[in-house]
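Scroll down for the structure; my scribbles are underneath it.
Order of the sequence lines fixes the chain letters, A, B, ..., with proteins taken first and strands second; residue numbering starts at 1 for each chain.
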Amino acid sequence: MPELAEVEIVRRNLEGWWTEPASEVRLLDDELLVRGDPQTLRGLLTSQPPEMGRRGKYLLAGFDDGAIVFHFRMTGKIVLAHQPEPDYARLSWRVDPGWLVFKDRRRLGRVEVFEDDAIDDYEPLTTMGPEPWDLTGELLRDRLSQRRRLKDALMDQSSIAGVGNIAVSELFWRLKLPPDAQVSDLDDDDFEALAAEIPTYFDDIIDREMADEVTYVEEDSSANPFDVYGREGGPCPRCGTEIAREKIAGRSSYFCPQCQS
DNA sequence: TAGTCTGTTAGACA
DNA sequence: CTGTCTAACAGACT
């Protein structure tokens, strides 16, 4: 899915859009709903406008007698549309004057429904690490295993919440860390700098991307809001050296070979 | 054409 | 338990 910043943008958008109970619900792809049954989902969507929340990359809709959890994985998103079944629509609910539509081209996203307080025991949330804005250098040092690559450790949602593959490239560039840095390479000052930069990074990206519909890099490269991610061969914004790309922990990392060594 | 790549993460493996 | 790899899906790209 989008990373934390994109989920937060969807959350804010839904607070403005979803101000009444849904008047109609269309579940267009049964496999989207991986927990709970369609009737309960319909019941919640049509009951009241929910309290919107977010934890890490999970979007939460809280109701008096249950909750819905949305996870977008790689390509999911929720948009406000004029019609219920635009391309890749998986679930739509009507909140006049439009439709809220869960779109997902790759169908990896998921929706889960919980009755009453069952969400309180939902494991991904109960084991998730702290939000970026709650980090301190000390907390990071304690939570990141010394035996791991820094990239692996940061992307593990049980270490800290919200960091994905894009954020890793951007954070490493901002902090001038080599892409294959190990947690054990960091000293206390590095942990402090990282703890300060992670929330700043997400604040920056939320500001840059805040829009009615998030545009992902893969859909529109001209709108790439990142400094190094997706910019292989382009100039480093700091020193002009060509940005390189390398697979670290199985996924592409973008970095400046000059600044980050 | 065939192989590679993509924003996540659960589950399999060593 | 811990760390690492890959499948799940549907394209787009080389």
Side-chain angles (χ1 to χ4, degrees), chain A residues 1-11 28-35 54-59 69-79 86-91 102-112 122-129 132 142-172 179-185 201-202 205-206 208-209 211 213-233 243-254:
Chain A
M1 114 181 178
E3 299 188 341
L4 182 152
E6 293 79 13
V7 181
E8 176 59 21
I9 288 167
V10 172
R11 188 194 69 75
L28 304 160
D29 179 357
D30 286 335
E31 292 183 28
L32 176 68
L33 187 63
V34 297
R35 175 200 294 254
R54 179 193 56 72
R55 184 77 172 89
K57 307 169 190 174
Y58 291 76
L59 181 69
V69 173
F70 301 89
H71 199 299
F72 302 115
R73 296 283 184 116
M74 303 277 260
T75 52
K77 60 171 108 174
I78 292 175
V79 302
D87 287 348
Y88 309 116
R90 310 293 175 203
L91 169 69
F102 188 119
K103 294 171 70 170
D104 189 2
R105 208 186 58 196
R106 280 172 69 179
R107 300 179 68 224
L108 293 167
R110 35 186 55 184
V111 170
E112 307 189 51
Y122 183 47
E123 191 127 329
L125 297 185
T126 58
T127 59
M128 189 173 292
D142 290 347
R143 298 194 66 90
L144 302 180
S145 163
Q146 291 283 327
R147 287 198 297 278
R148 301 181 81 178
R149 280 178 298 221
L150 182 58
K151 175 170 181 174
D152 278 319
L154 288 176
M155 288 178 65
D156 182 340
Q157 302 297 295
S158 65
S159 307
I160 63 169
V163 173
N165 193 52
I166 294 179
V168 165
S169 284
E170 297 293 298
L171 288 168
F172 280 43
D180 59 349
Q182 300 286 129
V183 175
S184 56
D185 296 336
Y201 163 76
F202 283 117
I205 296 303
I206 290 167
R208 280 186 218 176
E209 292 190 326
E213 181 173 336
V214 176
T215 301
Y216 298 145
V217 172
E218 79 172 4
E219 292 175 350
D220 183 359
S221 57
S222 68
N224 180 352
F226 304 108
D227 288 316
V228 293
Y229 185 85
R231 296 190 183 281
E232 184 181 16
I243 297 301
R245 176 167 71 107
E246 205 172 298
K247 255 189 192 207
I248 312 279
R251 313 275 301 284
S252 284
S253 278
Y254 295 82

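Ranking C/dT4, C/dT2, B/dT6 by closeness to the A/Y229 side chain, first place goes to B/dT6. Across C/dA10, B/dT9, C/dT4, the shortest atom-to-atom separation from the side chain of A/R149 is found for C/dT4. Checking B/dA10, B/dT6, B/dT8 against the side-chain heavy atoms of A/P124 singles out B/dA10 as nearest. Comparing C/dC5, B/dT8, B/dT6 by their nearest atom to the side chain of A/K247 picks out B/dT6. Nearest nucleotide to the A/H71 side chain, out of B/dC5, B/dT9, C/dT4: B/dT9. Considering only the side chain of A/Y58, B/dA10 comes nearest among B/dA10, B/dT6, B/dT8. In this structure, the nucleotide among B/dT9, B/dT6, C/dT2 sitting nearest to the side chain of A/K57 is B/dT9. You'll find that the side chain of A/M74 is closest to B/dT8, out of C/dT2, B/dT8, C/dT4.
When every heavy atom of A/K103 is checked against every heavy atom of A/D87, the shortest pair comes out as CE-O, 3.2 Å. Residue A/A153 comes nearest to A/S159 through the heavy atom pair O-OG, 3.1 Å, listed as atom of the first residue, atom of the second, then distance. Residue A/R55 comes nearest to A/M128 through the heavy atom pair NH2-O, 3.2 Å, listed as atom of the first residue, atom of the second, then distance.
Proximity of A/S252 to the phosphate of B/dT6: a side-chain N or O atom is located under 4.0 Å from OP1 or OP2. Taking only side-chain nitrogens and oxygens, A/R110 never comes nearer than 4.0 Å to OP1 or OP2 of C/dA8.
If A/R147 and A/L108 are placed on DNA chain C by their nearest nucleotide, the residue sitting closer to the 5' end is A/R147.
Looking only at distances, a side-chain donor or acceptor of A/R54 sits under 3.5 Å from a matching main-chain atom of A/G56.
The partner of C/dC9 is absent, by the rule that a Watson-Crick or G-U pair needs both atom distances under 3.5 Å. Partner assigned to B/dA2 is C/dT14, using Watson-Crick or G-U wobble distances below 3.5 angstrom.
Separating the P atom of B/dA12 from that of C/dC9 is a span of 16 Å, rounded to the nearest Å. Taking atom P on both nucleotides, B/dG3 is separated from C/dA7 by 15 Å, rounded to a whole Å.
Donor-acceptor pairing under 3.5 Å, judged by distance alone, is present between the side chain of A/R106 and the base of C/dC9.
Residue-level contact check: A/R148 touches the bases, meaning some heavy atom is under 4.0 Å from a base atom. Counting non-hydrogen atoms under 4.0 angstrom, A/D152 reaches the backbone sugars and phosphates but no base.
Counted by atom type alone, A/T75 and A/R106 present zero donor-acceptor pairs between their side chains at under 3.5 Å.
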